[in-house]
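Before any comments, here is the structure.
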Amino acid sequence: MPTLPNANLSFSTFLLTGFPGLEWAHHWISLPIFVGYLVALLGNATILHLVRTDPSLHQPMYYFLAILAVTDLGLCMSTLPTVLGVLWFDARAVGLVPCVLQQHFLHSFSFMESAVLFAMALDRLVAIRFPLRYASVLTGPRVALAGVVLGMRSAVLTAAPSLHLLKFDYCRPGALSHAYCLHQDMIRLACSDTRFNRIYGLCMIMLAMGSDVLFILLSYTVILRTVLAIASAGERLKALNTCVSHILAVLCFYVPVLGLSIVHRFGHHTSPLVHILMGTISVLFPPLMNPVIYSIKTQQIRRAILKVVSLGKMQ
């Protein structure tokens, strides 16, 4: 890893990493990344606006979609300042407190995204298995309460390791692996006892994200059994179509995360560019693709968008 080029920087100041060897092309590389952030922000803001203003979208499924959009906005805003700062202005230095705060919000919103995807799987389960009780079980206030609880759960999960990061001594000079701060990157540069953070971080991933994935799989097992029991082929296809958008959103989140984990675990001899590219994809791809997927695959969202566009033309 590259070392600190300036001896005047203390070891509580970290250096972010752009694309090593391609510094001359940072401005060009920033163009698709900037467009990706812009589309993600506009897309999720549009989803929020549509769910808030269109009465036809005042249903539990779309309330959960609005919570997912808020989470995606938070995920984007957690990394956007430093990623574009590195690529546009070569602003690589970041202090301890801003770095800890960034990794805290980034990991919190990542856990939140996983939890919301699990909640959306339960939404599909209730809608398909208990259609007559769907509206009474998942009311607006209950969905809002679920969003608050999931948000608090995610923030609490990452609070303890973040507080420990503030107490560590960082005596190993070096640069972080990405253009944003990550928990595992920071403890790599610490010379304090990091066993708690390492064990706690592993347990968090296994218990939080691992349980979310398990329950999503169990939910779709029950959904599939319920759908196969439906006599009409047309009704079976209609029920499964309501799950397509959610399945794609799950894949868009977990596949990049899994890919990044594999690269970090087994890709010690691969180019740093591979790590950086996978890291960028893992934080930008889900917020970028979720509004695109739901806009294309969900008829009610398409109608709401077309209604807004037609009203704009009339004015």
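Counting from 1, the numbers follow the sequence of the chain as shown.
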Closest non-hydrogen atoms of Tyr63 and His58, given as atom of the first, atom of the second and distance, are OH-CB, 3.2 Å
Minimal heavy-atom distance between Tyr220 and Ala121, with the atoms involved, is CE1-CB, 4.3 Å
Across all chains, not counting sequence neighbours, the disulfide bond (SG atoms under 2.5 Å apart) partners of Cys203 are none
Before you tell me yes or no, could you show the steps for Leu22 and Leu273 under side chain to side chain contact (heavy atoms under 4.5 Å, CB included), namely the whole-Å CA-CA distance, both residues' side-chain angles and the distance that decides it to 0.1 Å?
CA-CA 9 Å; Leu22 296 176; Leu273 291 175; 4.2 Å; yes
- Task: Tell me, with the steps shown, if His26 and Asp90 meet side chain to side chain donor-acceptor pair (under 3.5 Å).
- Result: CA-CA 9 Å; His26 272 181; Asp90 196 32; 5.3 Å; no
Looking at Cys191, is its backbone amide N or carbonyl O close enough to the side chain of Asp169 to form a donor-acceptor pair, meaning the two atoms are under 3.5 Å apart?
no
Open item on the list: Ring-plane angle category for Phe34 and Trp88, please: parallel below 30°, perpendicular beyond 60°, tilted otherwise.
Closed with: tilted
TODO: Using the side chain to side chain contact (heavy atoms under 4.5 Å, CB included) rule, take Tyr254 and Leu258 through it: C-alpha gap first, then chi angles, then the decisive distance, then the call.
DONE: CA-CA 6 Å; Tyr254 286 109; Leu258 178 62; 5.9 Å; no
Margin query: Using a 3.5 Å distance criterion without hydrogens, assess whether the side chain of Thr71 forms a donor-acceptor pair with backbone atoms of Phe109.
Written below: no
Smallest heavy-atom separation, Asn197 atom then His183 atom, equals ND2-NE2, 2.9 Å
Tested for side-chain contact (heavy atoms from CB on, under 4.5 Å) against Val244, the lone hit among Ile247, Leu248, Leu240 is Leu248
key: Val116/Met120 under side chain to side chain contact (heavy atoms under 4.5 Å, CB included): CA gap, chis, key distance, verdict   = CA-CA 6 Å; Val116 173; Met120 295 175 79; 4.0 Å; yes
For Cys76 and Ala40 the tightest heavy-atom approach is SG-CB, 3.6 Å
(Q) Between Thr13 and Tyr170, does the side chain to side chain donor-acceptor pair (under 3.5 Å) criterion hold? Intermediate values first, please. (A) CA-CA 9 Å; Thr13 299; Tyr170 298 92; over 6 Å; no
Keeping Ser211 on the side-chain end and Ala208 on the backbone end, is there a donor-acceptor pair under 3.5 Å? yes
Note: Ile67 and Val143 closest approach over all heavy atoms is CD1-O, 3.7 Å
Side chain Asp212, main chain Leu117, donor-acceptor under 3.5 Å: no
Legend entry - OH (Tyr37) with more than 12 external heavy atoms under 6.0 Å: yes
